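Here is the structure we will look at.
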Amino acid sequence: MGSLFRSETMCLAQLFLQSGTAYECLSALGEKGLVQFRDLNQNISTFQRKFVGEVKRCEELERILVYLVQEINRADIPLPEGETSPPAPPLKQVLEMQFEPTYEEFPSLESDSLLDYSCMQRLGAKLGFVSGLINQGKVEAFEKMLWRVCKGYTIVSYAELDESLEDPETGEVIKWYVFLISFWGEQIGHKVKKICDCYHCHVYPYPNTAEERREIQEGLNTRIQDLYTVLHKTEDYLRQVLCKAAESVYSRVIQVKKMKAIYHMLNMCSFDVTNKCLIAEVWCPEADLQELRRALEEGSRESGATIPSFMNIIPTKETPPTRIRTNKFTEGFQNIVDAYGVGSYREVNPALFTIITFPFLFAVMFGDLGHGFVMFLFALLLVLNENHPRLNQSQEIMRMFFNGRYILLLMGLFSVYTGLIYNDCFSKSVNLFGSGWNVSAMYTSSHPAAEHKKMVLWNDSVVRHNSVLQLDPSVPGVFRGPYPLGIDPIWNLATNRLTFLNSFKMKMSVILGIIHMTFGVILGIFNHLHFRKKFNIYLVSIPELLFMLCIFGYLIFMIFYKWLVFSAETSRVAPSILIEFINMFLFPASKTNGLYTGQEYVQRVLLVVTALSVPVLFLGKPLFLLWLHNGRSCFGVNRSGYTLIRKDSEEEVSLLGNQDVEEGNHQVEDGCREMACEEFNFGEILMTQVIHSIEYCLGCISNTASYLRLWALSLAHAQLSDVLWAMLMRVGLRVDTTYGVLLLFPVIALFAVLTIFILLIMEGLSAFLHAIRLHWVEFQNKFYVGAGTKFVPFSFSLLSSKFNNDDSVA
């Protein structure tokens, strides 16, 4: 939990690897995924590094494996994929990574060649023939060319082959035509042969006597049978070889990937002066230092080296990468935060709170008991079958749902809860506890005759002549108390239901939005405390809280005060919150009733506090940094550890001296003094703070209005669900009983399909995107910088262990 709240503490370590043990040590580190390597050879070209030859050899092995996988797939041989990843091969066995099929087992056949005729025999004095095969698409052009070149001195006959033949070059199955060309003259014969060569025809000899043609035909039939025998035996033997290769191709693919990754990391290391030891610099979480030492010892032991590899922690002022450990449940929520920006080093991580707030805000916009339960069941099905191999290899859209299965699970669960609060299930209310409104209490027969003149009651004539009747909560016995959970189901029958729900959801959206934003400002205080910038609490965070709470916090107070003080009987005399909130800024000349006594004085005090917080927010931090720079300037530093704020920050320059005084470090360095005096720029600090303050003050208004999307999308979802019910289910249920049952089945099927595609997928995607926007823009910008770099460990688990659809293993 601590790691999810804030990124882990990192350290920069230097690894000293013996040349003979470097491969095994990096193999052990890759299996555990503990460190992120830094490139110490940035000034050296990729093709000039030490292990570029080994990387090329791995790439050549990958190309061989790609071709092998293509042939295995072409032969429809299943590719086994192991559940466990094989380790990288030992360095001594790297050169032995090749397949060795026993080709001696293949039976030898006689290599008879086709009869090759050197010239064409002619019938009579000048008559000649040319026969062969031509592609179907070239027949028309071939015939036109013969006619134009030979000027009609040729006779061409065609016949389509019964079977399609495979092109040996491309492997494509093509229709072929047999042609026979009769020509007169030797010169025309040369032209015909040249044309056949241009059109890539397969020309065969055509003897001049029937006896010779019969002998050639018999020889060709014999040769065809021999070739079929050779092909069948070759295919059988090839399939045996591919089946044998398929048994180990998975492990070979993984091992080659690991070898290539190891040599890539070795290219990022540098050699010492003796050229016998590799030096690597890595970022490593402090909690994993012991595991790092054990991995180095394990690699040294496997290589059999007498001198073990070791590590050394070195101090640095560079900002480390951000490392946040996640599991399969929290990974999806962390990805939502990282899509906005990877968190700065050691700042508060919003993902911990997004686990609750994101599905809840989604459910506020998507609240429906039935729709939420369907989404929950779908996500639960994905969770229960998360180890199924087909789900991991599914298409992109399905894989996206699978990766966010726990997000969908909580979104569906929270939607069930908000559906109970809204009392909405497929646009219909559910009466679980009985309504708190009593209709029979409105009749005159339920009250004494003396009370009839004091109250507006119903009788048979009123009920008969009025299409709309109003329940009066001031009449005794009509309103018996609130509904135990959510909204009373009687509102589903009321004509003013939409007006009531709009008022409720609008106030609820404002309350949730202000609480969400205020919580974001409070989280910023934890960042200031951690980075030892307490002045930001007094000069930034507290003025922001006062500005937010004195205006919008007071609005929440008025909403709750009106809900608690004014009952159903006194609701007619309750003042409008909107009017009272506007009068807070306009100072009307005439006095209003107000919500409570002394309201005018309380509002003036809040406005004064708000007005005083604005100049503090604009000028407090720049003036304090200026005083700190002038009064404590040229404090030297001799710091160890990490810079907790971004480089080239004016604020950092001013705080160097103050932080070192707090840490008890009083050493002076002239170089740092000159840097501080040169880089501090009061104008830049002032402009930055003014822009931030203007953005915050205006953002408090615009962001609060932005949370009204909770009300708008909830209203749209409810109305769309109601329209879908009215257009389909209500029509199907009102049909005559004779045909109603037959019509109800297709109506229910159509209702289910439209519910899934429109209300669940389209409306769900809309609510999902709006919930993301509320977190990124309205919540995270109050405390989250998101300017860090992600920790990418050297880990073999990040390598793909699946065969891609394009038969690629790279």
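These numbers come from a predicted model, not from an experiment.
- Other residues, nucleotides and ligands place no more than 12 heavy atoms under 6.0 Å from the OH atom of Y601.
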**Request:** Decide yes or no on side-chain hydrogen bond (donor to acceptor under 3.5 Å, both in side chains) for E331 and N327, but give the supporting numbers first.
**Result:** CA-CA 6 Å; E331 183 180 4; N327 51 36; over 6 Å; no
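- Formation of a donor-acceptor pair under 3.5 Å by the S693 side chain with backbone atoms of L617 is found in this model.
- Looking at E347, its side chain never comes within 3.5 Å of a backbone N or O of R6 through a donor-acceptor pair.
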**Request:** Would you please test E580 and Q599 for side-chain hydrogen bond (donor to acceptor under 3.5 Å, both in side chains) and show each step?
**Result:** CA-CA 10 Å; E580 296 296 326; Q599 176 181 345; 3.0 Å; yes
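- Rounding to the nearest 0.5 Å gives a distance of 10.0 Å between CZ of F426 and CE of M729.
- Screening residues 352-370 for side-chain hydrogen bond (donor to acceptor under 3.5 Å, both in side chains), with sequence neighbours left out, gives T357-H775.
- Rounded to the nearest 0.5 Å, atoms OG (S429) and CD1 (I487) are 8.0 Å apart.
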**Request:** Give the intermediate values and the outcome of salt bridge (charged side-chain N to carboxylate O under 4.0 Å, His left out) for residues E8 and R346.
**Result:** CA-CA 7 Å; E8 293 192 27; R346 298 293 290 167; over 6 Å; no
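- Residue F581 qualifies as enclosed at atom CZ: its count of foreign heavy atoms under 6.0 Å is above 12.
- Atom CG of L760 and atom CG of L754 lie 11.5 Å apart (nearest 0.5 Å).
- Note that the CE atom of M508 and the CD1 atom of I421 stand 10.0 Å from one another [nearest 0.5 Å].
- Taking 4.5 Å as the limit, every side-chain heavy atom of S427 sits out of range of all side-chain heavy atoms of L724.
- Here the side chains of K621 and V616 are not in contact, with every heavy-atom distance at 4.5 Å or above.
- Q470 CD: 12 or fewer foreign heavy atoms inside a 6.0 Å radius.
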**Request:** Using the side-chain hydrogen bond (donor to acceptor under 3.5 Å, both in side chains) rule, take Q603 and Y554 through it: C-alpha gap first, then chi angles, then the decisive distance, then the call.
**Result:** CA-CA 9 Å; Q603 292 178 167; Y554 180 68; 3.1 Å; yes
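- Here the side chains of L369 and D424 are not in contact, with every heavy-atom distance at 4.5 Å or above.
- Here the straight-line distance linking atom CG of L744 with atom CZ of F751 works out to 11.5 Å at 0.5 Å rounding.
- S344 contributes no side-chain N or O that, together with a main-chain N or O of V785, makes up a donor-acceptor pair within less than 3.5 Å.
- Considering every non-hydrogen atom in both L471 and W458, the closest pair reads CD2-CH2, 3.6 Å.
- A distance-only check finds no donor-acceptor pair linking the side chain of N423 to the backbone of D488 [under 3.5 Å].
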**CA sep, side-chain torsions, deciding dist, call: K790, T322, side chain to side chain contact (heavy atoms under 4.5 Å, CB included)** = CA-CA 5 Å; K790 191 172 184 179; T322 302; 6.0 Å; no
**Message:** Quick one, V747 with L750, criterion side chain to side chain contact (heavy atoms under 4.5 Å, CB included). Give me CA distance, side-chain angles, the key distance, then yes/no.
**Reply:** CA-CA 5 Å; V747 167; L750 182 59; 5.9 Å; no
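- When only modelled atom types and interatomic distance are considered, E778 and S706 share a side-chain donor-acceptor pair under 3.5 Å.
- The aromatic rings of F333 and F329 sit tilted relative to each other, their planes meeting at an angle between 30° and 60°.
- Looking at heavy atoms from C-beta onward, N438 lies out of side-chain contact with V478 at the 4.5 angstrom threshold.
- For the residue pair S503 / K507, a side-chain donor-acceptor distance below 3.5 Å is found, with atom types taken as modelled.
- Tested against F378 for a side-chain contact (heavy atoms from CB on, under 4.5 Å), the candidates I756, V383, L408 yield a single pass: L408.
- Of the possible polar contacts, none joining the N496 side chain to the T499 backbone as a donor-acceptor pair under 3.5 Å is found.
- Enclosure of atom CZ in F526 is not indicated, since only 12 or fewer non-hydrogen atoms of other residues, nucleotides or ligands lie within 6.0 angstrom.
- In this structure the side chain of I407 reaches within 4.5 angstrom of the side chain of I336, judged on heavy atoms.
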**Message:** Determine whether M411 and F376 satisfy the following criterion, side chain to side chain contact (heavy atoms under 4.5 Å, CB included), listing intermediate values before the conclusion.
**Reply:** CA-CA 7 Å; M411 283 162 45; F376 173 78; over 6 Å; no
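- Annotation: side chain of N703 is in contact with side chain of N781 (closest heavy-atom distance under 4.5 Å).
- Taking NZ of K782 as the reference point, atom CE of M517 lies at 5.5 Å (rounded to 0.5 Å).
- Between F414 and F362, the ring center distance fails the sub-6.0 Å criterion.
- By the neighbour-count criterion of 12 heavy atoms within 6.0 Å, atom CZ of F757 is sparsely surrounded, having that number or fewer from other residues, nucleotides or ligands.
- In this structure, S721 contributes its side chain and A718 its backbone to no donor-acceptor pair below 3.5 Å.
- Distance alone, capped at 3.5 Å, is enough to place a donor-acceptor pair between the N349 side chain and the L4 backbone.
- Heavy-atom contacts from other residues, nucleotides or ligands closer than 6.0 Å to CD1 of I397 number 12 or fewer.
- The shortest side-chain heavy-atom distance between R773 and R709 falls under the 4.5 Å cut-off.
- No cation-pi contact links K562 to F557, judged by a cut-off of 6.0 Å to the six-membered ring centre and 45° from its axis.
- No donor-acceptor contact under 3.5 angstrom links the side chains of N583 and E600, judged on distance only.
- The ring of F353 has its center no closer than 6.0 angstrom to the ring center of F779.
- Not one N or O on the side chain of Y340 forms a donor-acceptor pair closer than 3.5 Å with the backbone of Q780.
- Between K328 and E386, at least one side-chain N (NZ, or NE/NH1/NH2) sits under 4.0 Å from a carboxylate O, which counts as a salt bridge.
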**Asked** Passes side chain to side chain contact (heavy atoms under 4.5 Å, CB included), I514 versus F552? Steps please.
**Response** CA-CA 7 Å; I514 295 173; F552 301 101; 3.3 Å; yes
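- Remark: side-chain polar atoms of Y483 are paired, donor with acceptor, to backbone N or O of F433 under 3.5 angstrom.
- Side-chain rings of F768 and F358 approach one another, their centers coming within less than 6.0 Å.
- Side-chain contact between I537 and L529 is present, with heavy atoms from C-beta onward closer than 4.5 Å.
- Checked against a 6.0 Å centroid threshold, the rings of W491 and F500 count as neighbours.
- In this pair, F366 and H717 present their aromatic rings tilted. The plane angle is within the 30 to 60° band.
- A donor-acceptor contact shorter than 3.5 Å links the side chain of S702 to the backbone of L698.
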